[in-house]
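Encoded as structure tokens, the structure appears first; notes follow it.
On a predicted model such as this, the values are computed, not experimentally measured, just so you know. Reminder, nothing fancy here: chain letters follow the sequence lines and each chain counts from 1. All values below come from the heavy atoms of this structure, side chains included, with hydrogens, waters and symmetry mates left out.
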2 protein chains.
Amino acid sequence: MEISSELENLKSCPAQFVLAINDTLNVISGKWKLPIIGSLLYGKKRFRELERGIPKISPRMLSKELKDLEANGIVKRTVYDSIPVIVEYELTISGESLHQVLEPMIEWGLQHRKNVIGK
Amino acid sequence: MEISSELENLKSCPAQFVLAINDTLNVISGKWKLPIIGSLLYGKKRFRELERGIPKISPRMLSKELKDLEANGIVKRTVYDSIPVIVEYELTISGESLHQVLEPMIEWGLQHRKNVIGK
DNA sequence: AAATATACTATACATTAGTATACTGGTTAC
DNA sequence: GTAACCAGTATACTAATGTATAGTATATTT
């Protein structure tokens, strides 16, 4: 049986696909993850640089979200034992490859805004 | 000046892009939106069909999320004044076009799972 | 007459996410 | 010596999200 005719008989999106999408969603959803990833897309940054670059974020949230992103393998944290200590954050390969997810989201978002005129 | 060299000087993702991504995120994030969209990707469905197809969802959540998706122009609700009343839900054009967003998310999610071995 | 189905809504509660404000300990500039 | 910078942490709170359970009105089945 062909894939196309198998798909026609499907009643919903396969569960392993939903899982994969949720993995991706968990990485980018929340109020601050996107601004942080967006700040790091163009190069490494220090904690205070990120804080200054992201309006209204509190150090608590920045710290929490960076830990989250680090735990999920999106961000790499490097501590230089200079005096004073310097901490740099940068995207991992996985983190950088998020652009392949973000670009279609930008396109869809812009198009959807046009479709739903006046929004 | 070329686009590439302009991008090199950027310190973060442009704001209108972040907005567009957030529009997209709002449409697909939440615990139940994806299962609902996934159920509708392969054709129209009635309320109880969706309820039966999505394990553990409560009618309250299903109703709420369907209203949300309808308000956002993702789902179309049709009431047939038969007896008993039949209500059908289906994806709009915008809703169907979400596959262009979901596919890269599936790919990224699967790849990321491979990268972060043992997760 | 009782049970079941459809398409929901209502109320109350629990959990998660995010905010506000202050503080730490070390270092450097004035 | 005190004010400011760095990289955060601590505590308490509010808001948003989701759950649990029950109930509505209508109609069909047994």
Side-chain angles (χ1 to χ4, degrees), chain A residues 11 18-19 21-40 43-72 74-90, chain B residues 11 18-19 21-40 43-72 74-90:
Chain A
K11 297 244 167 95
V18 173
L19 282 177
I21 298 172
N22 273 324
D23 282 357
T24 310
L25 271 179
N26 286 337
V27 155
I28 57 180
S29 65
K31 187 170 176 184
W32 299 110
K33 296 234 176 67
L34 217 53
I36 292 170
I37 292 168
S39 292
L40 293 174
K44 29 178 87 166
K45 294 237 169 65
R46 295 171 64 179
F47 190 90
R48 297 278 330 198
E49 260 183 292
L50 287 166
E51 201 181 342
R52 275 191 302 267
I54 301 170
K56 308 237 175 186
I57 197 170
S58 66
R60 182 191 192 274
M61 273 296 123
L62 180 55
S63 169
K64 189 188 152 293
E65 297 294 64
L66 283 170
K67 271 181 193 162
D68 231 71
L69 290 166
E70 200 192 347
N72 278 311
I74 307 302
V75 158
K76 192 183 164 222
R77 179 176 183 267
T78 312
V79 182
Y80 299 93
D81 57 349
S82 54
I83 293 175
V85 68
I86 286 176
V87 181
E88 271 185 349
Y89 294 90
E90 65 190 303
Chain B
K11 296 244 168 97
V18 173
L19 283 177
I21 298 172
N22 274 324
D23 282 357
T24 310
L25 271 180
N26 286 338
V27 156
I28 57 179
S29 65
K31 188 170 176 184
W32 300 110
K33 296 234 177 65
L34 217 52
I36 293 170
I37 292 168
S39 293
L40 294 174
K44 30 177 87 163
K45 292 239 170 65
R46 296 172 62 181
F47 191 89
R48 297 274 331 191
E49 260 183 294
L50 287 166
E51 202 182 341
R52 275 193 300 268
I54 301 169
K56 307 237 176 187
I57 196 168
S58 67
R60 182 192 192 274
M61 274 297 122
L62 181 54
S63 168
K64 191 188 152 292
E65 297 295 62
L66 282 170
K67 271 181 193 160
D68 230 72
L69 290 166
E70 201 192 346
N72 278 311
I74 306 303
V75 159
K76 192 184 163 224
R77 180 178 183 265
T78 312
V79 182
Y80 299 93
D81 58 349
S82 55
I83 292 173
V85 69
I86 285 176
V87 182
E88 273 185 349
Y89 296 91
E90 64 190 304

Take the protein atom [atom1] of [X] and the nucleotide atom [atom2] of [N], then report the distance between them rounded to whole Å.
X       : N      : atom1 : atom2 : result
A/Arg52 : D/dA7  : CZ    : C1'   : 12 Å
B/Lys31 : D/dT19 : NZ    : C1'   : 8 Å
A/Leu66 : D/dA7  : CG    : P     : 11 Å
B/Ile86 : D/dT26 : CD1   : P     : 18 Å
B/Glu51 : D/dA20 : CD    : P     : 14 Å
A/Arg48 : D/dC5  : CZ    : P     : 7 Å
A/Ile36 : D/dA7  : CD1   : P     : 15 Å
B/Asp81 : D/dT26 : CG    : P     : 16 Å

Residue-phosphate contact under 4.0 Å: [X] side-chain N/O, [N] OP1/OP2:
X       : N     : answer
A/Arg77 : D/dG8 : yes
A/Arg46 : D/dC6 : no
A/Tyr89 : D/dG8 : yes

Grab the two heavy atoms, one from B/Pro59 and one from B/Glu51, that are nearest each other, plus how far apart they are.
CD-OE2, 3.8 Å
Taking every non-hydrogen atom, the tightest pair across A/Val85 and A/Arg46
O-NH2, 4.3 Å
Answer with base, sugar-phosphate or nothing: what part of the nucleic acid does B/Lys33 contact at a heavy-atom distance below 4.0 Å?
nothing
Using the heavy-atom set of chain A and a strict 4.0 Å cut-off, write down the first and last nucleotide of DNA chain C that makes it in, 5' to 3'.
C/dG18 to C/dT28
For residues 27-36 of chain B, dump all side-chain donor-acceptor pairs below 3.5 Å to protein atoms at least two apart in sequence or in another chain.
residue: B/Ser29; atom: OG; partner: B/Leu25; partner atom: O; Å: 2.9
residue: B/Lys33; atom: NZ; partner: B/Ser29; partner atom: O; Å: 3.2

Audit row: B/Asp23, B/Leu19, side chain to side chain contact (heavy atoms under 4.5 Å, CB included) steps and yes/no:
CA-CA 6 Å; B/Asp23 282 357; B/Leu19 283 177; 5.6 Å; no
Could you tell me whether A/Glu70 and A/Lys67 have a side-chain N and a carboxylate O separated by less than 4.0 Å?
no
side-chain hydrogen bond (donor to acceptor under 3.5 Å, both in side chains) partner of B/Tyr89, chosen from B/Arg77, B/Lys45, B/Lys76:
B/Arg77
Under the side chain to side chain contact (heavy atoms under 4.5 Å, CB included) criterion, do A/Leu50 and A/Leu62 qualify, and how do the steps go?
CA-CA 8 Å; A/Leu50 287 166; A/Leu62 180 55; 4.0 Å; yes
Of residues 53-64 of chain B, the positions that come close to DNA chain C - non-hydrogen atoms, cut-off under 4.0 Å:
B/Pro59, B/Arg60, B/Ser63
Sub-4.5 Å side-chain heavy-atom contact between B/Leu40 and B/Val75
yes
